[in-house]
Amino acid sequence: EATPVQNYSEINSKKGEQQYIQLALSLVAGSTTKIAFTTGSKPVLVKQRDFTARGEQVSIQIFKEPTGVTGGTPVTVQNFNDRNPVTGSVVVKSGVTTATDGVSWGDPQTLYGVNQQNQRVGQIISSGAERILAANKTYLVVITNGTGASTCEYFLSFREGDTDYPRLQ
């Protein structure tokens with residue numbers, strides 16, 4: 001008898017529970033873009049986070065408990081499963097403003113993308129450790145561009161629900 005082995009994201013996708021957002025951003029020199037990620041009544045397990053940038057110096061940092069979050073453009077939360085997708089309650093907005101960014105949740109990560117010929121090259125920061133976001137909370141992703149124009153892409157894959165092993169039934 002064989003025992004199938006699948007990772008969590010694969011199981012979650014088959015159950016229609018694995019969701020994602022993807023943003024492409026163009027940043028002018030010295031600019032900052034803020035993305036608000038608000039959870040619903042369930043915790044959120046972040047399974048994959050990739051940040052790519054093509055520019056001279058671009059950093060990304062995550063904050064908890066920002067205050068005075070206003071404005072922004074809604075970001076479509078998508079599901080990897082088009083057959084039986086589960087609708088989630090996460091709300092994401094790009095280009096928000098805040099009174100304060102909140103409490104830093106880890107140090108900023110910076111990409112330096114200029115080679116010796118002063119040409120821009122693309123760089124990537126990949127997932128790292130899984131993060132578990134509390135229910136009914138807002139988190140803030142702050143992307144800061146240094147000198148020169150930059151293009152960036154932010155990808156986040158997640159599942160809403162408890163942290164127990166997601167069993168197929």
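Throughout, numbering of the chain's residues begins at 1 and tracks the sequence.
Using a 4.5 Å cut-off between side-chain heavy atoms of Ile, Leu, Val, Met, Phe, Trp and Tyr, with links allowed through other members, Ile60 and Val142 fall into different hydrophobic clusters. The cluster map of Ile, Leu, Val, Met, Phe, Trp and Tyr, joined by side-chain heavy atoms under 4.5 Å apart, puts Val141 and Val90 in the same cluster.
Proximity of Ile143 to Ile35: side-chain heavy atoms (C-beta onward) are separated by under 4.5 Å at one or more points. For the pair Leu23 and Val75, the minimum side-chain heavy-atom distance is below 4.5 Å. With contacts defined as side-chain heavy-atom distances shorter than 4.5 Å, the pair Ser94/Thr33 qualifies. Residues Leu156 and Val46 meet the side-chain proximity criterion, which asks for heavy atoms closer than 4.5 Å. Between Gln78 and Gln19, the closest side-chain pair of non-hydrogen atoms is not below 4.5 Å. By the 4.5 Å heavy-atom criterion applied to side chains, Pro74 and Val91 are not counted as neighbours. Glu17 has its side chain out of reach of Ile11: every pair of non-hydrogen atoms, C-beta onward, lies at least 4.5 Å apart. Contact annotation: the side chain of Val92 approaches that of Val77 to within less than 4.5 Å [non-hydrogen atoms, C-beta and beyond].
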Apply side chain to side chain contact (heavy atoms under 4.5 Å, CB included) to Asn81 and Ser13, showing your working. CA-CA 6 Å; Asn81 185 327; Ser13 292; 5.6 Å; no
Show your reasoning for whether side chain to side chain contact (heavy atoms under 4.5 Å, CB included) applies to Asp50 and Tyr154. CA-CA 6 Å; Asp50 294 324; Tyr154 185 68; over 6 Å; no
Test side chain to side chain donor-acceptor pair (under 3.5 Å) on Glu160 and Ser89; report intermediate values, then the result. CA-CA 8 Å; Glu160 290 183 71; Ser89 58; 2.8 Å; yes
Kindly indicate, with the supporting measurements, whether the criterion side chain to side chain contact (heavy atoms under 4.5 Å, CB included) is fulfilled by Thr98 and Lys34. CA-CA 8 Å; Thr98 59; Lys34 297 180 181 183; 2.8 Å; yes
Phe51 vs Phe155, test: side chain to side chain contact (heavy atoms under 4.5 Å, CB included). Steps then yes/no. CA-CA 6 Å; Phe51 177 67; Phe155 174 84; over 6 Å; no
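Separation of atoms OG1 (Thr138) and NZ (Lys64) is listed at 13.5 Å; rounding is to 0.5 Å. Distance CD/Glu130 to CZ/Arg159: 10.0 Å, rounded to 0.5 Å. Considering CG of Asp101 and OG1 of Thr32, their distance stands at 8.5 Å, rounded to 0.5 Å.
Between Thr110 and Ser59, the shortest heavy-atom distance links the atoms OG1-CB, 3.4 Å. Pairing each heavy atom of Gly71 with each of Val96, the nearest pair is O-CG1, 3.6 Å. Leu45 and Gly161 get closest at one heavy-atom pair: CD1-O, 3.2 Å. Of all non-hydrogen atoms in Gly16 and Asn79, the two that sit nearest each other are O-ND2, 2.7 Å. Summarising the geometry of Ala135 relative to Thr39, their closest heavy-atom pair is C-OG1, 3.3 Å, with the distance given to 0.1 Å. Closest non-hydrogen pair, Val58 versus Cys152, comes out as CG1-SG, 3.8 Å.
Counting heavy atoms of neighbouring residues, nucleotides and ligands inside a 6.0 Å radius, atom CG of Asn84 exceeds 12 of them. Heavy atoms of other residues, nucleotides or ligands lying less than 6.0 angstrom from CG of Asn7 number more than 12.
Thr147 and Gln57 form no side-chain donor-acceptor contact under 3.5 Å, judged by distance and modelled atom types alone. Using a 3.5 Å distance cut-off with no hydrogens or angles, the side chains of Ser104 and Gln61 do pair a donor with an acceptor. No donor-acceptor contact under 3.5 angstrom links the side chains of Thr151 and Ser26, judged on distance only.
When atom types are taken as modelled, the side chain of Asn145 and the backbone of Gly148 share a donor-acceptor pair closer than 3.5 angstrom.
Ring-centre distance between Phe158 and Tyr20: not below the 6.0 Å cut-off. The aromatic ring centroids of Phe63 and Trp105 lie 6.0 Å or more from each other.
Between Ser157 and the options Lys47, Gln18, Gln48, a side-chain hydrogen bond (donor to acceptor under 3.5 Å, both in side chains) holds for only Gln18.
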